[in-house]
Amino acid sequence: MTPEPSYEAKDITVLEGLEPVRMRPGMFIGSTSLSGLHHLIWEVVDNSVDESMQGYCTRIDVTLLANGGCRVVDNGRGIPTDPHASDPKKSSAEIVLTVLHAGGKFGGSGYKVSGGLHGVGISVVNALSARLDLAIDRGGKRHEMSFEKGGNPTGPLRVTGDAPRGRTGTSVTFWPDDTIFEETEFRAQTITERLQMMAFLQRGLEIRFEDERPGHEQQVTFKYTGGIEDFVKHLNESKEPLFRRVAYFEQVEEAQEVEIALQWNTTYYESLHSFANGIATTEGGMHEEGFRKALTNVVNRYARGKNSLKESDTNLSGEDIREGLTGIISVRLQEPQFEGQTKGKLGNVSIRSLVERTTNEKLAEWLDENPKEANQIVQKALLAQRARMAARNARDLTRRKSALDGAGLPGKLVDCSSRDARESEIFIVEGSSAAASARDARDPRRQAILPIRGKILNVEKARVDKMLKNAEIQALVMAIGAGIADDFDVTKARYNKIIILADADVDGSHIRTLLLTFFLRQMRPLIEAGFVYAAQPPLYSTLVGNSKVYLKDDSARARFLEEHPNHKQDFQRLKGLGEMDFAELRDTTMDATKRSLLQITMEQASLADSTCSTLMGDDVEVRRRFIQMNAKDVRFLDI
Ligand code: 0RA
């Protein structure tokens, strides 16, 4: 056996080159899929943003070229062009582009605060590109150099002329290597979303994006002089703010800094976003921890000081205070530790105390200086607290009711006789005449009918406590018998098919959307388990001889006409379930051997949910237009 060869100096040199990057791209950019491809852009842009953070760069241009390349131009100081200490025959720029981990601001003052997964250095981009063109304006001169096939210089850095008057900056154009990446076509939306986020996080920095690819042409500019204050306003744009003013405060301390912007809206959801060095920390971490703790503390202290909370009152919970809060927490620190499943959790303990102290001090000041807004925050939190307590009582009540088997069932439920959930179905039917037909059409052993009246409560706009006071919701919760919200237990569901039976018109589609939104928000596991369905009553009928034929939709009618070219009879459009007699309803919609059910997937339910803000917002005009626009085939559009 030959011994392992020992490492020699030349091997080490090889290791410092770019070969390891091409051997294991995933180690440097996460993957070679689309996400990795875009990492190349983030890496270059991060370097430019770094320049901006240190006060040297005010504008970045990102361009997708028609030939598949990507160009990033900034007006920073420009990568140094002087001979490099480690190898005087080479320029510093060449070292930055060809040596691993040499991408940092060597010898620079100020702290380096760029990212987590990226911040690996611009040489990684070079290593994974078929070609890279570099142009540097510095010291009054334009310098240029190119690389090919994974970072091999085509020649040294050369002065090619004068820089435009007084300009400094760097231009990097690269073409991703298609032997490395699964796909080399950039996605404009992925890029603009991130550039916009970066522009929000770096106040005043102008980031332009241009897509020059044929068929994709577009141009956008992001520049926010309000920074994360603008970010919060942007996030609240489609909502109704509780008040216009944004609470903003910041603190710089040694080598760390924190910036926080807050604005409450009238919804019941919390929307807190945190960032470390411009990177989204979607799993939270120390900065969020410090913030939440201090926010709860400060608002309670303020409420007590103003006697909004009396001595005997219990404290507002963090959840109460954060109801309807849209907030951005942005921290910058020297060595961010990204932890967690997706490396989206900030682990640096020192940042927790900075954020906590800053919020304790500065938010308290802000509340004192803005008493009207402060009072609105406290009042909203008090409402949330009351609602939370009422919800708990109401939930206990429904739980107790359904525990008393039978007595817990709603009066208007026409239950099936089977007690085996696996074969039991419940039809939720809107309208009393449709419900009457359904009752006659059902298989009493397996099929239950729950009539509901009119539009059930808009669950998007109501807190759980109010929702549970609604008779239709109560009936639904009791009939299904598996609890609600956090208490929901899908294994207790009394039916394994929950079938929404509503008309094929605008009102029917609205009711379907409301029900799906309710299930999604309050009984999500029901949808995840595939227990929720929409019945599909036919849209047309026609006569063939003496017997009636039902046709599901327009395409079914078209197919029928193709098969029966001599058909002379009219087609009846079935307007409502109420117009069908029980036999028709049974044969077309309910009989398990003949009907066609649409199983609701999570995706369909979420789609219904995202349209529901439009459908159920306060703006009647918008809602009316939306429904009209989408009314062509309502049965399929909203589910
Ligand atoms: C190393 C040192 C300095 C700047 C840069 C790199 C730099 C890199 C990139 C990449 C894209 N744009 C960039 N801008 C600057 C500091 C230079 C100095 O001290 O003058």
Side-chain angles (χ1 to χ4, degrees), residues 16 18 21 28-29 38-63 65 69-88 90-115 117-129 131-147 151 153 157 159 163-164 166-176 191 194-195 198-199 202 205-209 277-279 334:
E16 285 175 344
L18 296 176
V21 183
F28 298 87
I29 54 163
H38 288 97
H39 257 295
L40 302 182
I41 303 185
W42 316 150
E43 186 51 49
V44 183
V45 174
D46 272 1
N47 280 279
S48 303
V49 172
D50 261 14
E51 281 291 284
S52 169
M53 260 158 47
Q54 296 182 55
Y56 298 106
C57 167
T58 58
R59 181 169 156 185
I60 303 169
D61 285 77
V62 178
T63 309
L65 306 175
C70 173
R71 174 172 295 146
V72 179
V73 182
D74 68 45
N75 64 351
R77 289 168 292 180
I79 304 178
T81 52
D82 55 333
H84 194 254
S86 71
D87 184 350
K90 290 180 177 173
S91 63
S92 295
E94 180 172 340
I95 301 292
V96 168
L97 268 292
T98 57
V99 179
L100 208 43
H101 298 309
K105 309 262 162 123
F106 46 89
S109 60
Y111 52 91
K112 167 119 175 90
V113 288
S114 69
L117 257 187
H118 26 98
V120 285
I122 206 164
S123 61
V124 167
V125 178
N126 201 14
L128 301 176
S129 293
R131 182 181 173 90
L132 186 147
D133 292 343
L134 175 69
I136 299 167
D137 289 331
R138 197 173 155 103
K141 297 289 176 201
R142 157 77 45 102
H143 311 71
E144 290 180 341
M145 177 170 190
S146 290
F147 305 83
L157 184 73
V159 172
R167 189 192 126 82
T168 60
T170 306
S171 164
V172 174
T173 311
F174 63 94
W175 289 263
I191 299 167
R194 193 182 180 98
L195 294 181
M198 290 175 138
Q202 190 60 39
L205 172 63
E206 180 172 337
I207 305 182
R208 295 194 187 196
F209 172 76
N277 294 357
I279 292 164
Q334 240 170 63

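Just so you know, ligand 1 is whichever comes first in the structure, and atom 1 is the first atom listed for that ligand. Side chains included, hydrogens not; waters and symmetry mates left out as well; all remaining heavy atoms used. As the structure is a prediction and not an experimental result, all values here were calculated from the model.
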If you measure from atom 1 (C) of ligand 1 to every heavy atom of Gly169, Ser48, Pro80, which option wins on shortest distance?
Pro80

What residue among His143, Arg77, Arg142 forms side-chain hydrogen bond (donor to acceptor under 3.5 Å, both in side chains) with Asp137?
Arg142

Single hit among Asn47, Asp74, Ile122 for side chain to side chain contact (heavy atoms under 4.5 Å, CB included) with Thr170:
Asp74

Proximal ligand 1 atoms for Glu51, defined as those under 4.0 Å from one of its heavy atoms
4 (C), 14 (N), 15 (C)

Can you sort out which atoms of ligand 1 are near Asn47, meaning under 4.0 Å from one of its heavy atoms?
9 (C), 10 (C), 11 (C)

Do Asn75 and Thr58 get their side chains close enough for a donor-acceptor pair, meaning under 3.5 Å?
yes

Under-4.0 Å heavy-atom contact with ligand 1, by part of Val172 that carries it
neither

Working for side-chain hydrogen bond (donor to acceptor under 3.5 Å, both in side chains), residues Arg71 and Thr63:
CA-CA 5 Å; Arg71 174 172 295 146; Thr63 309; over 6 Å; no

Are the side chain of Ser92 and the backbone of Asp82 linked by a donor-acceptor contact shorter than 3.5 Å?
yes

Which segment of Arg138 sits under 4.0 Å of ligand 1 when only heavy atoms are counted
side chain

Mark the output for Val96 as yes if a heavy-atom distance to ligand 1 is under 4.0 Å, and as no if none is.
no

